[in-house]
Amino acid sequence: MKAVCWHDTHDVRVENVPDPTILNPRDAIIKITLTAICGSDLHLYDGVIPSMQAGDILGHEFMGEVVEVGSEVTNLKVGDRVVVPFPIACGNCFYCQNELYSACDNSNPNAWMSEKLYGHTVAGIFGYSHLMGGYAGGQAEYVRVPFADVGPFKVPDSLSDEQVLFLTDIFPTGYMAAENCEIKPGDTIAVWGAGPVGQFVIKSAFLLGAERVIAIDRVESRLLLAQEQGGANTLNYEDDDFMEALQDMTGGRGPDACIDAVGLEAHGTGLDAWYDRAKQALMMQTDRPTAVRQAIQACRKGGIVSIPGVYGGFLDKFPLGAAFGKGLTFKMGQTHVHRYLQPLLEHIAQGSIDPTFIITHRMPLTEAAEGYKLFKQERDECVKVVLEP
Ligand code: NAD
Ligand code: ZN
């Protein structure tokens, strides 16, 4: 089959690789009908997530048709049309039982790696490094799905692939980030990053009752999308006084909650951003926390900082003093996608959100290398690329 393979920083190739086969009785094989490139894939593309190996198959946002099931998968049959959550979860452990699917104790065969780094293991993720289990991803013609009795979720024929694909990741991610803000009527939410996750944060914050959302980025086309599709106010972080503007817009009090939908590869114009770049280049820190620093600085006293943006290791000049002084609450993590499938599918089916608004580029899987380049450089006003095998 054809698959998108990582080879090195900024080097992904579409190659012929062996078809996946059933390895365990709880596996299923899915024939991919649509897949997408995620901002998280850019962290792999940029080489900032460790433990990638040449030839690893990428992709964790995918859907398709069940073509084979293992002997213990009784809830799926050949021909079912499913979306597949990006975290792999066993369904049985303490964490799965408590709906903390991305913390699953049993889905990461390389548990020892993340136990060393994080103290405990994190769940396996499709196509996302050996630290996250070394699973082949779904930017391919076929994929093996472990614990297929838990993850894959059947979708109705009345909805198109493009309408349901983002249930695999970015819609639940935006939603959980907003839910973590415990939004009350009248609240103002600020979100750093108007990429795909930021755009779903905006939609979700309004669905959850926010009065106002302020989106911060520097890419004008994304800020425009946030305004026109999301109904957000916008600020450009390259304007020197944007942090003051944010305070002015909130009566000097600051947003009730601040969301970092940027993660470890934040850009910045300030002294701290240059410092981060230098330290990262010298391998003295792994992550660049410009956005989360600003989120902490801007947030009102007693507010919430919600972090869907991915962080991987260690960061420097983290203003814990400001967070402590203001009594902030932090919420973060990989999304527990399984939890949100049914309720968010209902929002799509009822028409309260049409997730296709995010798609700017449709390409055949064979052009994935160009898709990564476009998305990385936000060339051509690229927001979201979907790939069709
Ligand atoms: P993206 O790269 O398309 O978007 C990031 C946006 O942030 C870009 O538009 C960029 O211009 C902007 N940005 C950069 N520095 C900034 C700064 N200092 N202030 C404000 N904006 C800044 O990516 P995406 O697909 O939207 O994903 C966003 C983040 O969410 C990534 O870190 C991704 O890995 C993460 N993510 C997390 C989960 C999860 O489960 N928690 C799931 C999906 C994605
Ligand atoms: Zn993703």
Side-chain angles (χ1 to χ4, degrees), residues 35-46 48-49 58-62 84-87 101-103 122-123 125-128 132 137-139 165-177 180 190-202 214-223 225-226 234-239 242-243 246 258-270 272-273 276-277 287-295 297-298 306-312 331-337 340 358 360 372 374-378 381-385:
T35 175
I37 307 175
C38 177
S40 299
D41 293 324
L42 294 183
H43 306 319
L44 305 174
Y45 189 64
D46 292 337
V48 298
I49 303 281
L58 296 169
H60 60 266
E61 300 183 356
F62 58 85
V84 180
F86 78 84
Y101 298 98
S102 69
V122 294
I125 296 178
F126 291 99
Y128 213 74
M132 309 296 171
Q139 287 167 8
L165 175 64
F166 304 129
L167 285 171
T168 60
D169 180 349
I170 51 174
F171 184 15
T173 294
Y175 194 86
M176 187 170 106
N180 279 341
V191 54
W192 275 251
V197 170
Q199 301 289 340
F200 279 107
V201 159
I202 297 167
I214 303 170
I216 300 151
D217 204 305
R218 66 168 173 183
V219 181
E220 285 301 335
S221 57
R222 292 181 171 202
L223 291 174
L225 189 69
T234 57
L235 288 170
N236 187 322
Y237 69 82
E238 289 191 328
D239 293 343
F242 93 91
M243 287 287 278
L246 187 55
C258 292
I259 301 181
D260 169 5
V262 179
L264 81 167
E265 291 190 86
H267 316 132
T269 49
D272 65 318
D276 288 332
R277 280 203 178 268
D287 302 9
R288 303 200 306 261
T290 316
V292 73
R293 279 193 201 111
Q294 290 173 347
Q297 202 68 25
S306 160
I307 313 176
V310 162
Y311 288 88
K331 295 222 181 174
M332 65 191 83
Q334 297 284 7
T335 306
H336 305 299
V337 175
Y340 298 97
I358 202 92
T360 49
Y372 270 84
L374 267 173
F375 184 38
K376 166 70 193 166
Q377 297 169 0
E378 294 129 17
E381 309 200 333
C382 181
V383 181
K384 190 75 178 177
V385 183

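When a ligand or atom number is given, it counts from 1 through the structure's own listing order.
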task: Provide, to 0.1 Å, the distance between atom 33 (C) of ligand 1 and the closest protein heavy atom, together with that atom's residue and name.
output: S40 OG, 3.3 Å
statement: The atoms of ligand 1 lying under 4.0 Å from a heavy atom of G309, numbered in the order shown, are 29 (C), 30 (O), 32 (O), 35 (C)
Where ligand 1 meets F375 - atom numbers and elements under 4.0 angstrom, heavy-atom basis: 3 (O)
query: Counting backbone and side-chain atoms alike, does D41 have an N/O/S atom under 2.8 Å from the Zn ion (ligand 2)?
result: no
- request: For F86, counting its heavy atoms only, list the atoms of ligand 1 lying under 4.0 Å from any of them.
  value: 40 (O)
field: Distance, nearest 0.5 Å, that separates CD1 of I358 from CZ of F200
entry: 5.0 Å
- prompt: Is there a nitrogen or oxygen of V262 sitting under 3.5 Å from a nitrogen or oxygen of ligand 1?
  reply: yes
query: When only distance counts, is W192 in polar contact with ligand 1, meaning an N/O pair under 3.5 Å?
result: no
task: State the atoms of ligand 1, each with its element, that fall below the 4.0 Å cut-off from a heavy-atom position in D169.
output: 42 (C), 43 (C)
- request: Among all protein heavy atoms, pick the one closest to atom 12 (C) of ligand 1 and tell me residue, atom and distance.
  value: D217 OD2, 3.2 Å
message: Contact between ligand 1 and P87 is defined here as a heavy atom of the residue under 4.0 Å from a ligand atom; is it met?
response: no
query: Taking both backbone and side-chain atoms of G39, is any N or O found less than 3.5 Å from an N or O belonging to ligand 1?
result: yes
query: Considering distance alone, does some N or O of H267 sit under 3.5 Å from an N or O of ligand 1?
result: yes
field: I170 N/O to ligand 1 N/O under 3.5 Å
entry: no
- request: Looking only at distances, please establish whether an N/O atom of ligand 1 is found under 3.5 Å from an N/O atom of V197.
  value: yes
query: In terms of atom number and element, which parts of ligand 1 are under 4.0 angstrom from non-hydrogen atoms of I216?
result: 20 (C), 21 (N)
message: What I want to know is whether G268 and ligand 1 share at least one N or O pair that is separated by under 3.5 angstrom.
response: no
- line: Restricting to heavy atoms, the pick from Q294, E265, K376, R222 nearest atom 1 (P) of ligand 1 would be R222
query: Angle at the Zn ion (ligand 2) between NE2 of H60 and OE2 of E61, to 10°?
result: 120°
- request: Give yes or no for whether the N/O distance cutoff of 3.5 Å, strictly under, is met between P308 and ligand 1.
  value: yes
statement: In this structure, atom 17 (C) of ligand 1 is nearest to the protein heavy atom Y237 CE2, 3.6 Å
field: Nearest non-hydrogen partners of M176 and H336, listed with the distance
entry: SD-N, 3.6 Å
- request: Mark up the atoms of ligand 1 that fall under 4.0 Å of a heavy atom belonging to T335, in ascending order.
  value: 39 (C), 40 (O), 41 (N)
field: Contact check: A261 vs ligand 1, nitrogen or oxygen atoms, below 3.5 angstrom
entry: no
field: V219: numbered ligand 1 atoms lying under 4.0 Å from its heavy atoms
entry: 11 (O)
